[in-house]
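A quick write-up on the structure given underneath.
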Amino acid sequence: QNSIRFQSLFSVNAIAPNVLGFLFIVLLVILNNNYGLVEIGTLVPFIYLLTRVAAQLSEITQSYSSLFHTYPEFREFKESYNFLYSRESNKIIEDLGTKNIKNKFKLELKKIVFGRKKSLCHKISFSLTEGKVLIIKGDTGSGKSTLISTILGLIPSKSGEIFIMNKKVDIKNIRKYKKLFFYAGTDPFLINGSIMENLIFGINNPNSARVKLATETCDFDFVDKLKLKFNTKLGDDGLGVSSGQKQKISLARALIRNPKLLVLDEATSNMDFRTELKIFRNIIMNYPSMSMIIVSHRDTLDKFADKIIRLK
C-alpha cells in the first residue's frame with residue numbers, strides 16, 4: 001500500500017508542472033488572441049522558456065518525492081551506523097569476547113519457523129561454528145532470502161530461538177551483534193566514486209594490508225587494465241564496470257571488514273564458474289576463521305560446504 005501511494009504521488013508530482021504549464025500556455029494564447037497583449041515574436045520565446053521551466057520543476061518535484069520516500073530508510077541507516085561505531089557498541093563486542101577470545105564464533109538456530117506473511121519452513125535447526133561454511137539451496141520462492149533476513153534480524157521469526165555465541169538474540173537486540181557479520185547480495189550498492197572509495201565505504205581508518213588481501217582474494221585483475229587503477233571513477237550504481245566486477249567490489253568490501261560471519265545471497269551469481277571457484281578457494285585459504293552462509297542456485301560451491309540445507 002505504501003508503494004502504491006508513493007507511485008501515485010510520484011506520478012502526480014512528475015506530471016503536475018507540465019500540466020499546469022500547458023494550461024497556462026493555452027490560457028496565455030487565448031488571452032493574447034483576444035486582447036493582443038504581446039507580439040507573436042515575443043510570445044514564442046516566452047512559451048519556450050516556460051516549457052523549459054516546467055520541465056525543471058518536474059524534475060525537482062520528482063527528486064523531492066524520492067527523498068520523501070527514502071527518508072525513513074535513511075534515518076534507520078543513520079541510527080544503525082551511529083550505533084555500530086559508538087562506544088556502547090564497542091563495549092558490547094568486547095563483552096562478547098571477540099578481542100580476547102578468538103575462534104569462538106557460533107551461530108545456532110533452534111526450531112525456527114520463519115516467513116513474511118505465511119510460514120515458509122517449520123522448525124529448522126542448525127549450528128554454524130568458527131570457519132565453517134553453510135550453503136542454503138532451494139527453488140525460487142522457497143524462502144532462502146527470507147531465512148537470511150531472519151538470521152540477520154531484519155524480520156522476526158514466528159517461533160523458535162536464535163543464539164549467537166551462546167547468547168539468545170531476537171529482533172530487539174540483534175543490533176548489538178551486527179558488527180560480527182556482513183552481508184553481500186546479488187545486486188550490490190555502489191556509490192558515485194572511485195573503486196577504492198567503494199571498497200572502504202563506511203570505514204573510518206581503512207587498513208591497507210586488509211584492502212590488499214581482500215582485492216587479491218577477489219581476483220581484481222580487471223583493475224590492472226584500467227588507466228587510473230583503483231582511482232577509476234564509477235558512475236551511479238557502479239556505472240563503468242560489469243555486473244560481475246560490481247560483485248567483486250562488494251565481496252572485497254565485505255572481506256576488508258573481516259567479519260566473524262559472512263552472509264552471501266547469490267553474491268557471485270554474475271561471475272563465471274571458474275572465477276567463482278577461484279575466489280571461494282582464496283577466501284577459504286586467506287580467511288580460515290571466517291564462517292560463511294551462502295545462498296546459491298549453483299552446485300559449484302558445494303565442495304566447500306560443511307553443511308547444506310535444502311529448502312522446499
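Note that the structure is predicted; figures quoted are calculated from it, not measured. Computed over heavy atoms, backbone and side chain alike; hydrogens, waters and symmetry mates excluded. The residues of the chain are indexed from 1 along the displayed sequence.
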Checklist outcome for this item: On a heavy-atom basis, the closest approach of Ser291 and Gly131 is OG-N, 3.1 Å
Next on the checklist: Quick one, Glu130 and Lys260 - any side-chain contact, counting heavy atoms below 4.5 Å?
Outcome noted: yes
Item to check | Residues Glu161 and Lys168 bridged, charged N to O under 4.0 Å | outcome: yes
Checklist entry - So, does Ser250 use its side chain to make a donor-acceptor pair with the main chain of Lys246 at under 3.5 Å? => result no
Next on the checklist: How long is the straight-line distance from CG of Asp221 back to CD of Gln245, given to the nearest 0.5 Å?
Outcome noted: 8.5 Å
Checklist entry - Shared ILVMFWY cluster between Met165 and Leu262, side chains joined below 4.5 angstrom? => result no
Checklist entry - So, do Leu264 and Leu251 sit near enough that their side-chain heavy atoms are less than 4.5 Å apart? => result yes
Next on the checklist: Can you confirm whether Ile191 sits close enough to Phe201 that some side-chain heavy atom of one is under 4.5 Å from a side-chain heavy atom of the other?
Outcome noted: yes
Item to check | Lys144 bridged to Asp265 by N-O distance under 4.0 Å | outcome: no
Checklist entry - Is the backbone N or O of Leu190 less than 3.5 Å from a side-chain atom of Asn198, with the two atoms forming a donor-acceptor pair by type? => result no
Checklist outcome for this item: Residues passing the side chain to side chain donor-acceptor pair (under 3.5 Å) test with Ser243, sequence neighbours excluded, are none
Checklist entry - Are Leu261 and Phe304 in one and the same hydrophobic cluster, where Ile, Leu, Val, Met, Phe, Trp and Tyr link if side-chain heavy atoms are under 4.5 Å apart? => result no
Checklist outcome for this item: The reported gap from CZ in Arg253 to CG in Leu255 (rounded to nearest 0.5 angstrom) is 11.5 Å
Item to check | Value rounded to 0.5 Å, distance of CG in Leu134 from CD1 in Ile294 | outcome: 8.5 Å
Checklist outcome for this item: Residues at least two apart in sequence or cross-chain that pass side chain to side chain donor-acceptor pair (under 3.5 Å) with Asp272, listed by chain then number, are Thr275
Checklist entry - Under 3.5 Å, is there a donor-acceptor pair linking the side chains of Glu276 and Thr268? => result yes
Checklist entry - Within the distance-only criterion (no hydrogens, no angle test), does the side chain of Ser296 pair as donor or acceptor with the backbone N or O of Glu266 below 3.5 angstrom? => result no
Distance-only donor-acceptor hits, side chain of residues 222-230, under 3.5 Å, sequence neighbours excluded:
from, atom 1, to, atom 2, distance (Å)
Lys229, NZ, Asp224, O, 2.5

Checklist entry - Less than 4.5 Å apart, any side-chain heavy atom of Ile293 and any of Leu128? => result yes
Item to check | Separation between OG1 of Thr232 and CG of Leu234, rounded to the nearest 0.5 Å | outcome: 7.5 Å
Checklist entry - Taking C-beta and beyond as the side chain, do Leu213 and Tyr287 meet within less than 4.5 Å on heavy atoms? => result yes
Next on the checklist: Does any part of the side chain of Lys233, heavy atoms only, come nearer than 4.5 Å to the side chain of Ile195, both counted from C-beta?
Outcome noted: no
Next on the checklist: Can you list everything that forms a side-chain contact (heavy atoms from CB on, under 4.5 Å) with Ala252? Sequence neighbours excluded, please.
Outcome noted: Leu199, Ala214, Cys218, Phe220
Next on the checklist: Could you work out, with side chain to side chain donor-acceptor pair (under 3.5 Å) as the rule, every residue matching Lys307, not counting sequence neighbours?
Outcome noted: Ser127
Checklist entry - Are Leu154 and Leu147 connected in the hydrophobic side-chain network, where two residues link if heavy atoms are under 4.5 Å apart? => result yes
Next on the checklist: Please tell me whether Leu311 and Leu109 are part of a single hydrophobic cluster in this structure, the criterion being side-chain heavy atoms less than 4.5 Å apart.
Outcome noted: yes
Item to check | CZ (Phe126) with more than 12 external heavy atoms under 6.0 Å | outcome: yes
Checklist entry - Are Pro188 and Gln247 close enough that some pair of their side-chain heavy atoms sits under 4.5 Å apart? => result yes
Checklist entry - Can you tell me how far the CZ atom of Arg257 sits from the CE atom of Met290, to the nearest 0.5 Å? => result 11.5 Å
Next on the checklist: Can you confirm whether more than 12 heavy atoms, excluding those of Asp139, are under 6.0 Å from its CG atom?
Outcome noted: no
Item to check | Side-chain heavy-atom pair Lys137, Asp299 within 4.5 angstrom cut-off | outcome: yes
Next on the checklist: Let me confirm one number: the NZ-CD1 distance from Lys248 to Ile279, rounded to the nearest 0.5 Å.
Outcome noted: 5.0 Å
Item to check | Test side chain to side chain donor-acceptor pair (under 3.5 Å) applied to Lys212 - qualifying residues, sequence neighbours left out | outcome: Glu216
